[in-house]
Q: 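What follows is a structure written as structure tokens; I'll ask about it next.
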Amino acid sequence: MEKISQSKSHHGTQFVYRHDAETLGCPMNFGLYLPDNLSAPAPTLFWLSGLTCTEDNFITKAGAQRVASELGIILVAPDTSPRGEGIPDDPDGAYDFGLGAGFYVNATQALWQKHYQMRNYIEQELYQLVLESFPVDQNRLGIFGHSMGGHGALTMALRSPEKFRSVSAFSPICSPINSPWGEKALSGYLGADQSTWRQYDACALINDGARFSAILVDQGTDDNFLNEQLKPGLLESACSNAGIDLTLRMQPGFDHSYYFIASFMEDHLRWHSDRLH
């Protein structure tokens with residue numbers, strides 16, 4: 001790993017690291033917040049960002065460091081897709097596919113398969129790198145995210161409850177199979193066979209038998225993407241039918257931005273802390 005930057009923040013240090021990601025075939029950055037005076041090994045949260053974001057959005061806008069330092073929680077914030085020379089992008093330059101839009105899947109289609117393996121990158125390569133390099137408690141890991149990253153967090157937790165003990169999301173794409181963003185991404189990365197899409201859809205995973213003890217979701221009522229793309233009602237129905245403890249909080253007047261995320265970040269950190277401690 002190469003340390004790109006470090007900055008003192010509250011009672012801890014915000015780092016950005018770069019490493020050569022074998023699963024993606026390119027260098028990748030990730031942010032890591034390390035509180036001072038940790039009781040090692042420490043609980044750790046992975047944050048997955050949304051469309052167009054990098055690791056920088058979370059570490060500069062979410063306002064998570066103060067509470068993370070108080071709670072003694074390490075924060076890991078990776079990028080959202082492979083990047084660099086030779087990495088394919090959407091031919092039309094669209095924001096919702098290609099660079100910045102890896103959708104946390106393992107692509108199987110020819111143009112994307114070599115580099116767009118974000119599921120394996122997060123669940124295996126970065127997961128193992130963090131465990132080996134920092135004072136992380138493997139038995140106290142959680143995951144959360146926003147929008148596309150909320151989709152990623154929910155699906156990773158549902159597929160791997162043995163890795164992640166807690167999960168939450170802000171404005172997640174609850175059912176990509178039923179979302180224009182999701183339909184474009186899943187068909188492009190995985191092909192036309194929708195049976196292969198189900199492992200990347202939280203509602204489908206639950207309907208197919210995946211379980212998790214408790215889920216927290218915050219959703220703004222003034223989010224422009226609420227009805228067409230996000231559809232939290234589908235997640236609510238799936239969890240209700242499966243007996244999963246879902247706390248879905250519809251927050252009046254909030255939109256899809258980091259102003260919304262920062263407003264409720266402390267709630268999410270404390271919610272995870274209760275489960276990881």
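If you read the sequence from its start, that first residue is 1, and numbering goes on from there. All values derive from a computational prediction rather than experimental measurement.
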Q: Could you check if a side-chain atom of Ile74 sits within less than 4.5 angstrom of a side-chain atom of Leu32, using non-hydrogen atoms only?
A: yes
Q: Are the side chains of Ser273 and His277 in touch, meaning some heavy atoms are under 4.5 Å apart?
A: yes
Q: Just so I know, are the side chains of Ile173 and Met148 near enough to count as touching, which here means a heavy-atom distance under 4.5 Å?
A: yes
Q: Run Lys231 and Ser175 through side chain to side chain contact (heavy atoms under 4.5 Å, CB included) and show every step you take.
A: CA-CA 7 Å; Lys231 303 182 179 180; Ser175 181; 5.8 Å; no
Q: Applying side chain to side chain contact (heavy atoms under 4.5 Å, CB included) to Tyr200 and Arg159, what does each step give before you reach the verdict?
A: CA-CA 9 Å; Tyr200 300 112; Arg159 287 193 306 261; 3.6 Å; yes
Q: After noting the C-alpha distance and the side-chain angles of Tyr104 and Arg119, does the key distance pass the side chain to side chain contact (heavy atoms under 4.5 Å, CB included) rule?
A: CA-CA 5 Å; Tyr104 304 103; Arg119 173 183 175 178; 5.7 Å; no
Q: What's the spacing between Leu190 CG and Gln199 CD if we round to 0.5 Å?
A: 7.0 Å
Q: Under the criterion side-chain contact (heavy atoms from CB on, under 4.5 Å), which of Pro88, Cys26, Pro27 is the partner of Pro82?
A: Cys26
Q: Would you please name every residue forming a side-chain contact (heavy atoms from CB on, under 4.5 Å) with His256, sequence neighbours left out?
A: His146, Ser147, Ser171, Asp223, Phe225, Leu230
Q: Enter the distance from Ile206:CD1 to Asp201:CG here, rounded to the nearest 0.5 Å.
A: 9.0 Å
Q: Could you tell me whether Glu55 and Arg18 make a salt bridge, using a distance below 4.0 angstrom between a side-chain N and a carboxylate O?
A: no
Q: Share the residues that join Leu45 in a hydrophobic cluster, the rule being Ile, Leu, Val, Met, Phe, Trp or Tyr side chains under 4.5 Å apart at the heavy-atom level.
A: Ile4, Val16, Tyr33, Trp47, Phe58, Ile59, Val67, Leu71, Ile73, Leu75, Phe144, Phe170, Phe254, Tyr258, Phe260, Ile261, Phe264, Met265, Leu269, Leu276
Q: At what distance, to the nearest 0.5 angstrom, does CG of Asp36 lie from NZ of Lys8?
A: 3.5 Å
Q: Heavy-atom distance under 4.5 Å between the side chains of Glu123 and Phe46, does that happen here?
A: no
Q: Between Arg211 and Pro161, is any pair of side-chain heavy atoms under 4.5 Å apart?
A: no
Q: Does the side chain of Val217 reach to within under 4.5 Å of the side chain of Arg249, using non-hydrogen atoms?
A: no
Q: Report yes or no: do Asp56 and Thr54 form a side-chain donor-acceptor pair below 3.5 Å?
A: no
Q: Can you see whether Ser9 engages Gln14 through a side-chain donor-acceptor pair at a distance of less than 3.5 angstrom?
A: no
Q: In chain order, what residues pass the side-chain contact (heavy atoms from CB on, under 4.5 Å) check against Ser133, with sequence neighbours excluded?
A: Met1, Leu129
Q: Could you tell me whether the side chain of His115 and the main chain of Leu24 form a donor-acceptor pair under 3.5 Å?
A: yes
Q: Any carboxylate oxygen within less than 4.0 angstrom of a Lys/Arg side-chain nitrogen, looking at Asp137 and Arg165?
A: no
Q: Please report the shortest heavy-atom distance between Ala185 and Phe103, naming the atom on each side.
A: CB-CD1, 3.4 Å
Q: Within the 4.5 Å heavy-atom criterion, are Thr44 and Phe134 side-chain neighbours or not?
A: no
Q: Please check if the number of heavy atoms outside Asn37 that lie under 6.0 Å from its CG is greater than 12.
A: no
